[in-house]
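Data first, discussion second: the structure below is written as structure tokens.
Nothing here was measured: the structure is a model prediction, and the numbers come from that model. Values reported hereafter were calculated over all heavy atoms of this structure, with side chains retained and with hydrogens, waters and symmetry mates removed.
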Amino acid sequence: MAKVHIGKKIKEVVNQSHYSVTDFAALINKSRTVVYNIFERDTLDTGLLQKIGEVLKHNFFNYYNHNLTTVSKEEKVGYLSQIELLTALSDEIKTLRKQLSDLEKKYDGLEKGGKVSDNKPAYVKAKRRPKK
């Protein structure tokens, strides 16, 4: 993939526009020195790039879109499978947390009623996690 030198692209568009560097600098609220610095940069903050694009009526983000590699169908399926798996696991965790909360409430009720024996299982004797 060819690397985009965005500063050079901006300089080309500014040179083709009807703006002088001084006028352009004023429109983006920067000094001339900063504009010349931008021309030298190969990367730029997206917010500033968007503002420059609006002033020059030019979509600089297109230079990056053309350089994107295509993702194969298998990679898309793999990615979607991972998302589906994460979603399913997240749902299962929520369900298990709810079940644990219900069991803790039930245990607290039994404990208050004196129906819990002193022979508690190890997992019950362990320090209980704080409720969320």
State, with a plain yes or no, whether a side-chain heavy atom of [X] is found less than 4.5 Å away from one of [Y].
| X | Y | result |
| --- | --- | --- |
| V34 | I38 | yes |
| K3 | D42 | yes |
| V4 | F60 | no |
| E12 | K9 | yes |
| V13 | I52 | no |
| L56 | L27 | no |

When rounded to the nearest 0.5 angstrom, what distance separates [atom1] in [X] from [atom2] in [Y]?
| X | Y | atom1 | atom2 | answer |
| --- | --- | --- | --- | --- |
| I28 | K51 | CD1 | NZ | 7.5 Å |
| T46 | L49 | OG1 | CG | 7.5 Å |
| L100 | K105 | CG | NZ | 11.0 Å |
| D91 | L96 | CG | CG | 11.0 Å |

Take D102 and K106, measure what salt bridge (charged side-chain N to carboxylate O under 4.0 Å, His left out) needs, and give me the verdict at the end. CA-CA 6 Å; D102 292 345; K106 193 176 202 179; over 6 Å; no
How about NZ on K30, more than 12 heavy atoms from neighbouring residues, nucleotides or ligands closer than 6.0 Å, or not?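 No, not enclosed.
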Would you check if there is a donor-acceptor pair between the side chains of H5 and Y63 at a distance under 3.5 Å? no
Closest contact, heavy atoms only, F24 versus V35: CD2-CG1, 3.7 Å
S31: which residues meet the side-chain hydrogen bond (donor to acceptor under 3.5 Å, both in side chains) condition with it, sequence neighbours left out?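 side-chain hydrogen bond (donor to acceptor under 3.5 Å, both in side chains) list for S31, sorted by chain: empty.
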